[in-house]
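Lettering of chains follows the sequences in order, A, B, ..., and the numbering in each one begins at 1. The analysis underlying the following values was restricted to heavy atoms, covering all of them including side chains, and did not include hydrogens, waters or symmetry mates.
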Amino acid sequence: MKNNRTEGGAIPLQMDPMIPEGMKNSLNPRHKLWRRIVAQRHLQTMALLGVVWMFIFNYIPMYGIIIAFKEFNIVKSISEAPWVGLTHFREFLADDNFGNVMRNTLGISLIKLFIGFPLPIIFALFLNEIRSIRYKKAIQTISYLPHFLSWVVLGGILATWLADVGIVNHVLMALNVIDQPITYLAEPKHFWTIIITSDIWKELGWSAIIYLAAIAGVSPEMYEAATIDGAGRFQKMWFVTLPSIKSTISILFILAVSGVLNSNFDQILVLRNSLNDSSSNVIDYYVYQTGLLSGRYSYSAAIGLFKSVIALILLLIANQVSKKINDTSLF
Amino acid sequence: MFALKRKTTGEVIFDLANNVFMLCICFITLYPIWYVLINSFNDGKDAMLGGIYWWPRMFTFKNFEAVFASPGIMQAMWITVAKTLVGVVAHVFFTAMVAYALSRKDLVGGKVYILMGTVTLFFGGGLIPSYLLIRDLHLLENFWVYIIPVLFSFFDLIILMTFFREIPEGLEEAARIDGANDWSIFLRIVLPVSMPVLATIALFHGVYQWNDYFTGMIYINNESLQPIQTYLYRVVAQSSSSQMMVAVQGSALTKTVTSQSIKLATMVVTTLPIVFVYPFLQRYFVKGMMIGSIKG
């Protein structure tokens, strides 16, 4: 057939001026499609470069997950490794560290969710009530600053502050709250507090950006109407501002819930040490420890997959719940 | 019209309390950074006595001299600068290029490409499969491990694509009539009018490149290829402070600096460039964050 020849690509490179508009439409649709692709070959090149990148750096590692079901050996290829089914997953559930790792991961994340999630909203609500625009902008700029510090630098600051000769011990001892200096980073019972406080300190202003932007979109007429009805500042915050940014809050909450198994790995890695391991070992760290430090690749990949699957399920649940309650969802 | 209305007592108290609250937040935000700054400008031996809270007690530049005299620290700084510059240019250009193609409604297969990218937002291979890939690509102990695996980001693509779709079609049409192809439209029309969003992505990726220490830690053993954050990580987390003093051994500096004071000075030097850049890009990234969260 005539049209099959064109698959070689040589003929359609130039549009045939002899075929009138009406007849083109009656041609084989595959022929038409090919012509369109050739016509936009520059555009297709741009898109396909991205697709090739995603194939290599996103999809090949996804295929690599199958080592979780195999006994992978570093000197052989993935396909040569023997299948072992769910052995590694069973092993993780029976692992002595399983309970502890899950407790730390969920504990830290849930506290972050219940304290760290509402705080930026509260900060945004109150910052919005500042009358002077220049003062408001200055506060905002200052509040972003910690976001731009690396966790390594912040880890260095914390190590300085929390050392036995550091400022925290100095102040607490001067106030007679404690009578012995405490080596905070060496004691497991202080680890969660350090992690959560430093995370809030670093991201409070940055997380508030999105809420402030949403608040800026609330119509001033709503506030004027509330003022006429005799609403005070708190009432306006509660009955006008907050409901107006409800959908933004919902979407960020869905994302936060689906991320409860994600620890801030950069943060944990900087602040953890062998002394506080019992309260600092989280799934992400355990994957790193078993995989890259101990070389148990298959086992580590299984733990990683276990985490990804639960995170995906949590995302779908949170999305559905939000859809039902709020009519807001990601998809 | 607001000036005519007198504030009620309740309002006055509210404003006062709110201002005090905000000042507290500013103080809590700035003080830890100020503390590091004044201690980095203080004589190292003297700082060990503690008690420096508001102002340097023995002001000196010696700690910074020690930082700039250390070949190890300067090499690591150079790697950081190089990976940030190369990384930002490559990432922004490559991601914008793909984003432009995907922003075009007439792109054949566009829906499939976008679906393929959306999957990567919610599911990934994880640490070990990625490590094995990097190894197989011979990127271990290679400078390009900082650039190529983060050349593209579908999340950034969404922000860029949203912006590109708002560009008036007339601009592109006019160029097309003049005979421009898609490449020259992208390079000469789309990129120049998209500076705000490109600046946002450049800032996000620049901060990532500048602050990332993990890549240098797991893929690179060769110290001369490690960025400053990885170098600092080894000093901070593994307390290998002796490394800091190696730099100044045998020089007159050992009389005044300590490993702690050099560490603080290094932290200051590492952080300053970003602190000076971000306030100027503020109005751009607020918009970028907004698009990112709504579409992402």
Open item on the list: Using the ring pair (Phe, Tyr, Trp, His ring centres under 6.0 Å) criterion, which residues pair with B:Phe27? Sequence neighbours excluded.
Closed with: B:Tyr31
TODO: Of all the heavy-atom pairs spanning B:Gly117 and A:Met54, show the shortest one and how long it is.
DONE: CA-SD, 3.5 Å
Task: Top contributor to chain A contacts, counting heavy-atom pairs under 4.5 Å, from B:Gly126, B:Gly51, B:Gly124 - done: B:Gly124
Task: For chain A, the option from B:Ile52, B:Thr29, B:Ile274, B:Val98 that forms the most heavy-atom pairs under 4.5 Å - done: B:Thr29
Task: Residue A:Ile60 versus chain B: region with a heavy atom under 4.5 Å - done: side chain
Task: From CA spacing to verdict: side-chain contact (heavy atoms from CB on, under 4.5 Å), B:Phe14, A:Phe234 - done: CA-CA 9 Å; B:Phe14 180 94; A:Phe234 278 109; 3.7 Å; yes
TODO: Might you work through the side-chain contact (heavy atoms from CB on, under 4.5 Å) test for B:Arg135 and A:Ile74, ending with a clear yes or no?
DONE: CA-CA 11 Å; B:Arg135 190 197 58 166; A:Ile74 193 84; 3.0 Å; yes
TODO: Go through A:Leu127, A:Leu212, A:Leu185 and name the one with the most non-hydrogen pairs under 4.5 angstrom from chain B.
DONE: A:Leu127
Task: Close approach to chain A in residues 105-114 of chain B, criterion heavy atom under 4.5 Å - done: B:Asp106, B:Leu107, B:Val108, B:Tyr113
TODO: Test A:Asn58 against B:Met116 for side-chain contact (heavy atoms from CB on, under 4.5 Å), laying out the working first.
DONE: CA-CA 10 Å; A:Asn58 294 130; B:Met116 198 180 156; over 6 Å; no
TODO: Decide yes or no on side-chain contact (heavy atoms from CB on, under 4.5 Å) for A:Ile157 and B:Tyr35, but give the supporting numbers first.
DONE: CA-CA 9 Å; A:Ile157 297 179; B:Tyr35 182 86; over 6 Å; no
TODO: Measure the NZ-CE distance between A:Lys136 and B:Met22 for me, rounded to the nearest 0.5 Å.
DONE: 10.0 Å
TODO: Kindly say whether the aromatic ring centers of A:Trp206 and B:Phe285 come within a distance under 6.0 Å.
DONE: yes
- [ ] Measure the shortest side-chain to side-chain distance between B:Ile148 and A:Phe57 over non-hydrogen atoms and say whether it is less than 4.5 angstrom.
- [x] yes
- [ ] To the nearest 0.5 angstrom, please state how far the CG atom of B:Leu127 sits from the CD1 atom of A:Ile303.
- [x] 11.0 Å
Task: Option in B:Leu102, B:Leu264, B:Ile28, B:Val207 with maximal non-hydrogen atom pairs under 4.5 Å from chain A - done: B:Ile28
Task: Options A:Ile139, A:Val51, A:Leu292, ranked by heavy-atom pairs under 4.5 Å with chain B, top entry - done: A:Leu292
Task: Pairs touching residues 290-305 of chain A that satisfy salt bridge (Lys or Arg N to Asp or Glu O under 4.0 Å), sequence neighbours left out - done: A:Glu91-A:Arg296
TODO: Applying salt bridge (charged side-chain N to carboxylate O under 4.0 Å, His left out), name anything that partners B:Asp212, two or more places apart in sequence or on another chain.
DONE: none
Task: Most chain B-contacting option - heavy-atom pairs closer than 4.5 Å, from A:Leu312, A:Leu154, A:Leu49, A:Ile37 - done: A:Leu49
Open item on the list: Ring centres under 6.0 Å, that's the criterion: do B:Phe123 and A:Tyr59 meet it?
Closed with: no
Task: Contact check, side chains of A:Leu43 and B:Trp183, non-hydrogen atoms, under 4.5 Å - done: no
TODO: In plain terms, say whether B:Asp15 and A:Arg233 are close enough for a salt bridge, that is, a side-chain N and a carboxylate O under 4.0 Å apart.
DONE: yes
